[in-house]
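First the structure, in the form of structure tokens, and then the observations on it.
Remember, it's 1-based here, ligands and their atoms both numbered in the order they're listed. Numbers here simply count residues along the sequence, with the first being 1.
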Amino acid sequence: MAANTFNEQLTKYLTDVHSIEEQALAQLRLAPRVAGDSELRRVFAEHLRETEDQERLVREQLDRLGATPSTVKDVAGRVGGWGMILFARVNPDTPGKLAMHAYSYEHMELAAYELLRRIAERAGDRAVYDMAQRIGSQERAMADRLAGNWDRAVEASLREKGAEDIGKDLVKYLRDAHALEAQALQLLETGPKIAELEALAEVFREHLEQTREHQRLVDGRLAAHGSGPSRFHAGAMRAGAINMGTFFKAQPDTPAKLAGFAYAFEALEMGAYELLTRVARRAGDEETAAMAERILAEERMAGQQIAATWDAAAELALRETVGGRL
Ligand SMILES: [Fe+2]
Ligand SMILES: [Fe+2]
Ligand SMILES: [Fe+2]
């Protein structure tokens, strides 16, 4: 394979992670205002410093490979669009939602570096390989730190709103979970048609069945509280789904992007159920807490199964580029 083809490919993925880091910087600068808890604030501040280093390291590799600023600018919207679809339903206006959003974002970053590392390995580029490995483990560590702070995030969320009626809060969290499952259904129904990778399509199909059950279970708990899903959510979700299909089909490497996106989406759902478990327990609703824990385990498993397709997705991404160019 021609060296310049590999370099083009590397430059493309470096550009992607660079725009991910720029978006991360913007989010991390705002995070302390919403964090609502001193430990969470510290965690975000620490990762802001790490992220500043990451952005610089990626930029240095782009310079080394001779990427022009215009190349970098060209694709800056791409990953931004990715994040926009992923987080369209999450307005991180409470400490809980912020932690959930950040947890998912770290998984998106991790997926992007896992992909970059695989491309660098095949290109024989040691510097990019080492960098991707190092930054990837920082993203994973940040996700783990956030995961160690769900209690604090819930505590701060409920405290900030001065929640007198925990029952009302619980219904809100159930509705959020319901809305996320609706979005998941759209992703998993569209996914197999655009995956181009049988292993990934299969994970989507399997998880689609689980997801239907998740939504049914959440519906049941909403009904138990004399409530139902929010109508606003249902409408907005359909609009988001149309964008998603169009967006991924427009990507030059759909399977790899989709595998990263879906991984981050599972993390978003995990975050939602971590929060729901805790809010339910505070409300004394053991049944909802047990349900949330059970669903959480399936979301985690789905995330792991998606990650298991990354090798094949990276192979496919390289093959497609090379096939198209040589
Ligand atoms: Fe990062
Ligand atoms: Fe990060
Ligand atoms: Fe899921």
Presence of N, O or S from Glu298 under 2.8 Å of the Fe ion (ligand 3): no
Would you say His207 reaches the Fe ion (ligand 3) with an N/O/S atom under 2.8 Å? yes
So, is Glu106 placed with an N/O/S atom under 2.8 Å from the Fe ion (ligand 2), counting both backbone and side chain? yes
Are Glu298 and His207 linked by a side-chain donor-acceptor pair shorter than 3.5 Å? no
Side-chain donor-acceptor contact under 3.5 Å, Glu266 with His107: no
Kindly compute the distance separating CZ (Arg212) from CG (Leu188), expressed to the nearest 0.5 Å. 9.0 Å
Modelled atom types, side-chain donor and acceptor of Glu269 and His214, under 3.5 Å: no
The Fe ion (ligand 1) contact by Gln138, N, O or S atom under 2.8 Å: no
Of all N/O/S atoms in Glu139, which lies nearest to the Fe ion (ligand 1)? OE2
For Glu299, the N, O or S atom at the shortest distance from the Fe ion (ligand 3) is OE1
As a test of reading the structure, name the N/O/S atom of Glu266 that is nearest the Fe ion (ligand 3). OE1
If you stand at the Fe ion (ligand 1) and look out to OE2 of Glu21 and OE1 of Gln54, what angle do those two lines make, to 10°? 90°
Hey, which N, O or S atom on Glu109 ends up closest to the Fe ion (ligand 1)? OE2
With a cut-off of 2.8 Å, does Glu181 place any N/O/S atom under that distance from the Fe ion (ligand 3)? no
Could you check whether any side-chain N or O of Thr211 sits under 3.5 Å from a backbone N or O of Leu185, counting only pairs where one atom can act as donor and the other as acceptor? no
Arg221 (side chain) donor-acceptor with Leu217 (main chain) under 3.5 angstrom: no
Do Arg59 and Glu55 sit within salt-bridge range, that is, some charged N less than 4.0 Å from a carboxylate O? yes
Would you kindly say whether His178 and Glu181 are connected by a side-chain donor-acceptor distance under 3.5 Å? no
Of all N/O/S atoms in Glu269, the name of the one nearest the Fe ion (ligand 3): OE1
